[in-house]
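Quick notes on the structure that follows.
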2 protein chains.
Amino acid sequence: MAKITHTNPRRRITLDDIARKAGVSKATASRALTLPDKLSKSTLERVRRASKLMGYVSHGVARALATGKTHTIGAVIPTLDNAIYAVSTGSLERRLEQAGYLLLVACHEFNLHTETKAVRAFLGRGIDGIVLVGLAHAPETIRLLDETRIPYVLTWNIRPGIRRPVVGFNNRNAGRVIAEHLLRLGHRRIGMIAGITKFNDRAADRLAGVRQALLDAGLRLPSELVVEHPYSLDGGTEGLALLLSRQRPPTAIICGNDIIALGALREAHIRNINIPRELSVTGFDDMPIAELGNPPLTTVHFPMVEVGTHGGTTLLRALGETEDIPKTELSLRLVVRKSTGPPPSRSKLTR
Amino acid sequence: MAKITHTNPRRRITLDDIARKAGVSKATASRALTLPDKLSKSTLERVRRASKLMGYVSHGVARALATGKTHTIGAVIPTLDNAIYAVSTGSLERRLEQAGYLLLVACHEFNLHTETKAVRAFLGRGIDGIVLVGLAHAPETIRLLDETRIPYVLTWNIRPGIRRPVVGFNNRNAGRVIAEHLLRLGHRRIGMIAGITKFNDRAADRLAGVRQALLDAGLRLPSELVVEHPYSLDGGTEGLALLLSRQRPPTAIICGNDIIALGALREAHIRNINIPRELSVTGFDDMPIAELGNPPLTTVHFPMVEVGTHGGTTLLRALGETEDIPKTELSLRLVVRKSTGPPPSRSKLTR
DNA sequence: GTGAAAGCGCTAACAA
DNA sequence: TTGTTAGCGCTTTCAC
């Protein structure tokens with residue numbers, strides 16, 4: 001009689017299976033995978049062989065339920081459409097995967113309510129830690145963070161006196177540094193194409209820093225010389241057009257980031273405005289793409305903490321994963337780009 | 001005697017808790033959250049109230065263990081440093097979160113072995129579906145996909161006859177279209193700055209398409225006119241330098257993507273080469289940043305399936321989440337950028 | 001319509 | 001060093 005071979009219905013291989021195969025208890029099989037040193041060489045070897053033979057993969061969900069740890073970190077970022085967040089999220093991912101953690105990503109698209117929802121979803125999913133962007137969050141978000149006592153880190157901005165785990169740089173100071181640079185070049189009428197500051201404390205702080213620097217110099221940042229635009233080429237284009245349409249246009253324009261600056265440079269080119277002879281333009285960030293600026297923008301170094309892992313190292317430390325964390329990663333540099341500055345000129349800007 | 005109020009050690013609120021509070025069984029409480037229609041209005045209301053009152057959040061891990069579904073999708077992409085992958089991952093995330101799914105992201109940095117590792121990690125974590133980039137994968141990866149029968153989708157490339165779930169466009173045809181465009185303009189000596197084709201079937205197919213178009217026209221793509229460089233400005237810069245250093249340089253250069261094209265344009269500008277009079281340059285993709293090209297590139301529409309959700313819709317359908325999937329999302333357009341073409345000229349390129 | 005009880009696959013005391 | 005025994009918090013038959 002011919003034997004009928006059924007393709008067995010691909011049942012999941014469990015610890016019980018390999019335990020049985022290896023002739024040990026389930027507990028021992030479990031230990032073989034998590035605490036190998038606690039086992040005798042021979043049993044360890046037997047379990048390993050069985051597990052390899054049967055193609056066993058540990059059931060992470062079950063393990064998570066038993067241990068309370070998912071080895072998963074959640075990051076809620078504004079958007080992946082902005083290269084700066086994409087790149088920093090990538091660096092975070094690299095750091096985490098090194099340490100055996102997986103990264104959940106959610107984007108709130110500059111909506112604080114969406115951010116709260118994402119945090120809640122993460123929490124429900126039992127993540128071990130959470131990364132947020134910026135200092136300003138919905139009260140509900142903060143409450144969730146505090147009540148659940150989940151390890152977390154706020155990124156991309158710091159302010160003196162902040163009592164929470166933060167990583168990044170002081171956007172306010174950075175804004176100030178740029179403004180002071182322009183003042184030193186002799187500019188007295190300075191404008192700014194800021195990012196949208198609503199729900200974005202980084203953008204707001206950069207603006208605040210610029211404003212403060214001018215005040216400290218006995219000058220003002222008049223409201224007609226401040227516009228807020230999205231971080232896009234068109235944002236820069238439209239921003240420049242607006243500022244140049246003022247009665248008394250500025251002699252220097254501080255842009256909220258490099259993309260805006262590139263858009264502004266493009267528009268200036270179209271309008272036949274010579275940069276930097278007739279107008280100074282500064283960028284922000286260190287996007288490689290900024291090299292396309294014409295003329296190229298000059299740079300100033302500005303210290304930034306842990307941009308290389310985007311908070312990953314801080315988080316891992318909080319999770320007790322200290323041993324394999326190289327300390328050297330803890331400090332890197334952000335570059336603030338600026339156009340070489342000319343003294344301000346009367347100019348044909350008002351045309 | 002004064003009562004001493006202990007801050008209770010923040011034990012997790014479980015279903016048992018709200019069941020007790022609502023005076024029902026755990027099973028009923030569970031139903032209230034997942035099958036509300038199966039309950040009487042009054043009990044449903046009671047459970048809901050209790051759960052709100054105690055601030056209950058369902059334990060996703062436990063639910064996942066019980067149901068076998070995590071409501072999590074894993075995406076393994078090459079890198080978040082390339083804007084094109086960042087943006088498509090963002091669109092995937094948006095689509096998934098709409099449907100109540102979370103997105104795990106891993107980057108393999110163009111290493112097929114790393115990709116396999118990531119897939120395995122995802123599988124262990126019990127993800128419900130998986131998104132990969134490209135058609136070419138390690139045999140081990142394919143085996144995992146097939147053996148576990150996990151719903152998956154391959155993105156960013158399609159080829160006729162492929163029997164797997166794919167989403168994207170035909171890179172080979174796209175390459176051909178570009179080459180034919182240049183041939184039509186009269187070019188006979190065409191070069192290419194391709195992306196790194198190792199582990200990247202999209203880059204390889206674009207190159208293959210160009211090669212085929214030339215062959216079909218009775219021409220060749222000589223090996224000295226093909227260079228492979230990373231998708232970066234410098235890649236374009238160096239690529240152009242190399243191609244122009246050939247004995248007989250090309251009259252047109254096809255770039256593997258927009259960033260390379262921008263780098264090439266920048267280098268051409270520095271070398272005082274007039275584009276497109278002396279040299280044609282074409283890009284690929286539709287990066288907004290490509291607007292910075294000087295001269296601006298013209299565009300040709302090329303059909304791409306589901307770029308708007310990057311496979312998310314396909315995956316959700318496989319997962320049975322059909323009801324809320326708008327069919328209109330299923331087809332969008334990719335734009336292939338090309339420089340306006342001049343007839344080829346003798347030129348000063350050989351200088 | 002609701003409850004009791006049996007798991008999902010794993011880890012972690014506690015014993016031996 | 002290894003095994004036994006309880007769970008982790010939820011869903012899901014199967015009775016009632």
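Per chain, numbering begins at 1; letters A, B, ... match sequence-line order. All figures in this text were calculated on a predicted structure; none of them were measured in a lab.
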Do any side-chain nitrogens or oxygens of T28(A) fall under 4.0 Å of OP1 or OP2 in dG3(D)?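 The answer is yes; a side-chain N or O of T28(A) sits under 4.0 Å from OP1 or OP2.
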Under the salt bridge (charged side-chain N to carboxylate O under 4.0 Å, His left out) test, residues paired with [X] that sit two or more places apart:
| X | result |
| --- | --- |
| E109(B) | R94(A) |
| K69(B) | D128(B) |
| R143(A) | E140(A), E147(A) |

I need the full list of ring-ring contact (aromatic ring centres under 6.0 Å, His included) pairs touching residues 105-134 of chain A, with sequence neighbours left out, sorted by first then second residue.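 ring-ring contact (aromatic ring centres under 6.0 Å, His included) check on residues 105-134 of chain A returns no pairs.
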Nucleic acid contacts - residues 15-25 of chain A versus DNA chain C, non-hydrogen atoms under 4.0 Å: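 Heavy-atom contacts with DNA chain C come from L15(A).
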Nucleotide N/O of nucleotides 13-16 of chain D paired with protein N/O under 3.5 Å:
residue : atom : partner : partner atom : Å
dT13(D) : O4   : R31(B)  : NH2          : 3.3

From the options R46(B), E45(B), K41(B), select the one residue that forms a side-chain contact (heavy atoms from CB on, under 4.5 Å) with T43(B).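 Only one of R46(B), E45(B), K41(B) forms a side-chain contact (heavy atoms from CB on, under 4.5 Å) with T43(B), namely R46(B).
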Distance-only polar pair, side chains of S88(B) and S91(B), donor-acceptor under 3.5 Å: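 Result is no, nothing qualifies.
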Do R125(A) and T72(B) have side-chain atoms, one donor and one acceptor, less than 3.5 Å apart?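 Distance-only check passes for R125(A) and T72(B).
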Quick one: side chains of residues 52-61 of chain A, donor-acceptor pairs under 3.5 Å with protein atoms, not counting sequence neighbours, listed by atom name and distance.
residue : atom : partner : partner atom : Å
H59(A)  : ND1  : V61(A)  : N            : 3.3
H59(A)  : ND1  : A62(A)  : N            : 3.1

Which is the 5'-most and which the 3'-most nucleotide of DNA chain C that has an atom under 4.0 Å from a heavy atom of chain A?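 Reading along DNA chain C, I get dG9(C) to dA13(C).
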With sequence neighbours left out, which residue pairs that include part of residues 18-39 of chain B fulfil the salt bridge (Lys or Arg N to Asp or Glu O under 4.0 Å) condition?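 For residues 18-39 of chain B, and leaving out neighbouring residues, the salt bridge (Lys or Arg N to Asp or Glu O under 4.0 Å) pairs sorted by first residue read D17(B)-R20(B).
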Just the rounded figure in Å: distance from C1' of dT11(D) to CG of L65(A).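 In whole Å, dT11(D) C1' lies 12 Å from L65(A) CG.
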Taking any heavy-atom pair under 4.0 Å as a contact, classify S30(B): base, sugar-phosphate, or nothing.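 The residue S30(B) makes base contact.
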Which parts of residues 34-64 of chain B get close to DNA chain D, meaning a heavy atom less than 4.0 angstrom away?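 Those residues whose heavy atoms fall under 4.0 Å from DNA chain D, taken from residues 34-64 of chain B in numerical order, are T34(B), Y56(B), S58(B), H59(B), A62(B), R63(B).
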Qualifying residues under side-chain contact (heavy atoms from CB on, under 4.5 Å), relative to P165(A), sequence neighbours excluded: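 P165(A) satisfies side-chain contact (heavy atoms from CB on, under 4.5 Å) with Y152(A) once adjacent residues are dropped.
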Test side-chain contact (heavy atoms from CB on, under 4.5 Å) applied to A318(B) - qualifying residues, sequence neighbours left out: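 So A318(B) forms a side-chain contact (heavy atoms from CB on, under 4.5 Å) with P151(B).
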Greater than 12 external heavy atoms within 6.0 Å of R49(B)'s CZ: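 No.
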Using heavy atoms to find the nearest nucleotide of DNA chain D for K26(A) and A29(A) separately, return the residue whose nucleotide is more 5′.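 Its nucleotide being nearer the 5' end, the pick is A29(A).
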Is it the case that the side chain of T141(A) and the backbone of H137(A) share a donor-acceptor pair, with hydrogens and angles ignored and the cut-off at 3.5 Å?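 Checked: no pair found.
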